Amino acid sequence: MTTQAPRAAQAVTLPASLDEAVAALAAMPAAVPVAGGTDLMVAVNSGQLRPAALVGLGRISEIRGWQYQDGHALLGAGLTHARMGRPDFAALIPALAAAARAAGPPHIRNAGTLGGNIVSAAPTGDALPVLAALEATLVVAGPGGARREVPVSHLLAGVEMLRGGELVGYVRVPLLHAPQVFLKATGRTGPGRATASVALVLDPARRGVRCAVGAIAPMPLRPLEAERWVAQFIDWDNDRAIAPEVLTAFGEYVATACVPDAEPAQDGTVPPLPPAVLHLRRTVAALARRALGRALS
């Protein structure tokens, strides 16, 4: 009986700037960029991935902070969940800070990054529904100093993908200066992993509500009709009051849109949802109702 250790990467490059990292990826097309490595190492340890080379992003200081730009926050893709969970960041983008604080145990929050959460695109990524609700945009760095912007929702849906030699450098998030809420339900088997999550933000300037549901589909779902419907019942000019029955109806509206009924049978009857799916729908309804209630309180 013999054992054999997994083959290690042939080369590791540690660039000091975003453009250096892009150049390294262009020179080594088979290389894999790595920041926190919380998802990458799972794939390596399970034998699903054997990278020929790694481009480490940990020394690129320019993507580990944030700055203000034209009413937006320009967030570095290297921001860790732990950093985003701190009070100063929470005052800036409360829902994203709440999602960062809920992103698993401390060792995951200390290593995992915002950019990694986006590029990995795991359905249970806590930051993803928040970024979808905020309608955030990615600033993608390419060869030769090129920069282009891609809506986060486009990348997650596969409408626009990263090209060879490109990296997500920054995430542009509008500063709405209004209540934001992130809530999630977790399973019994472990802390942090969501079975369903809801991000909800108010946009008083447009008198709108933005909601995104995560973890129940390959990408966050936006119940646009439910958003438009509930916005007309909010008293935007005074205390943003809303009737309790409207809150309940909003939760059901969101849940039905994101967890729809089964397809009708040939005889026209609609089969009942399986108990697990029905429970998921009720969970989404409760999260959406509570999220809007907290945002308006």
Side-chain angles (χ1 to χ4, degrees), residues 35-36 61-104 108-122 124-140 149-156 168-184 192 194 197-215 219-222 227 240 287-288 290-297:
S61 59
E62 64 189 281
I63 62 171
R64 302 184 71 86
W66 68 83
Q67 56 186 291
Y68 303 101
Q69 188 179 81
D70 300 326
H72 292 70
L74 194 63
L75 311 178
L79 277 169
T80 64
H81 299 303
R83 183 65 189 90
M84 291 187 292
R86 294 181 187 174
D88 58 342
F89 190 93
L92 188 70
I93 311 173
L96 192 53
R101 289 193 294 265
I108 295 294
R109 298 197 303 272
N110 287 333
T113 63
L114 177 61
N117 211 212
I118 296 168
V119 175
S120 296
T124 54
D126 292 318
L128 303 186
V130 178
L131 296 175
L134 290 168
E135 298 181 348
T137 302
L138 305 177
V139 179
V140 177
E149 296 196 11
V150 179
V152 170
S153 58
H154 285 199
L155 181 70
L156 298 178
V168 174
Y170 303 93
V171 182
R172 191 189 307 278
V173 178
L175 297 177
L176 300 177
H177 304 294
Q180 305 173 8
V181 177
F182 171 79
L183 298 174
K184 76 175 184 177
S197 61
V198 169
L200 188 139
V201 300
L202 300 183
D203 189 349
R206 299 181 181 179
R207 300 195 171 204
V209 175
R210 301 186 202 164
C211 178
V213 179
M219 60 172 290
L221 304 176
R222 285 281 302 275
E227 293 176 2
R240 298 175 187 163
L287 291 175
R290 292 171 186 169
L292 181 59
R294 292 187 186 183
L296 294 173
S297 64

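Since this is a predicted model, take the numbers as computed values, not measurements.
- Counting heavy atoms from C-beta outward, R210 and R222 have side chains that approach closer than 4.5 Å.
- Inter-residue side-chain proximity for T80 and N110 is flagged as unmet; no heavy-atom pair is nearer than 4.5 Å.
- In terms of heavy atoms, A178 sits closest to P204 at CB-CD, 3.4 Å.
- Annotation: the span from I63 atom CD1 to L75 atom CG amounts to 12.0 Å, rounded to 0.5 Å.
- Scanning all heavy atoms of the two residues, the minimum distance from A215 to A194 falls at CB-O, 3.8 Å.
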Run the numbers on H154 and L138 for side chain to side chain contact (heavy atoms under 4.5 Å, CB included), then give the verdict. CA-CA 10 Å; H154 285 199; L138 305 177; over 6 Å; no
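- Smallest separation of non-hydrogen atoms from A102 and F182: CB-CE2, 4.3 Å.
- At a threshold of 4.5 Å between non-hydrogen side-chain atoms, the residues R240 and P179 count as touching.
- Within the 4.5 Å cutoff, the side chain of L202 has heavy atoms near those of the L296 side chain.
- E135 has no carboxylate O lying under 4.0 Å from a charged side-chain N of R172, or vice versa, which leaves the two without a salt bridge.
- Here CG of L79 is found 12.0 Å from CG of N117. Values are rounded to the nearest 0.5 Å.
- S153 meets the side-chain contact (heavy atoms from CB on, under 4.5 Å) test with P151; sequence neighbours excluded.
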Is there a side chain to side chain contact (heavy atoms under 4.5 Å, CB included) between Q69 and Y170? Walk through the geometry before answering. CA-CA 12 Å; Q69 188 179 81; Y170 303 93; over 6 Å; no
Evaluate side chain to side chain contact (heavy atoms under 4.5 Å, CB included) for V198 paired with K184, printing each intermediate quantity in order. CA-CA 6 Å; V198 169; K184 76 175 184 177; over 6 Å; no
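- Between D203 and V201 the shortest side-chain heavy-atom distance does not fall below 4.5 Å.
- Considering all non-hydrogen atoms of both residues, G85 and A100 come closest at N-CB, 4.0 Å.
- For the pair V171/V139, no side-chain contact is recorded, criterion being any heavy-atom separation below 4.5 Å from C-beta on.
- Here the straight-line distance linking atom CG of L114 with atom CG of L96 works out to 6.0 Å at 0.5 Å rounding.
- Once rounded to the nearest 0.5 Å, the distance linking CG of L292 with CG of L287 reads 12.5 Å.
- Side-chain contact check for H81 versus D126: every heavy-atom pair is 4.5 Å or farther apart.
- Closest heavy-atom contact between P129 and A212: O-CB, 3.2 Å.
- In summary, the aromatic rings of F89 and W66 are positioned with their centroids under 6.0 Å apart.
- Considering only heavy atoms from C-beta on, L156 comes within 4.5 Å of P220 through its side chain.
- In this structure, R86 CZ and R101 CZ are separated by 12.5 Å, a value rounded to the nearest 0.5 Å.
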Under the criterion side chain to side chain contact (heavy atoms under 4.5 Å, CB included), I'd like the reasoning laid out for T137 against V150: C-alpha separation, chi angles, the key distance, then a yes or no. CA-CA 6 Å; T137 302; V150 179; 5.7 Å; no
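- Across all non-hydrogen atoms, the minimal contact from V181 to A291 is CG2-O, 3.7 Å.
- Partner of V168 under the side-chain contact (heavy atoms from CB on, under 4.5 Å) criterion, chosen from V152, V119, T113: V119.
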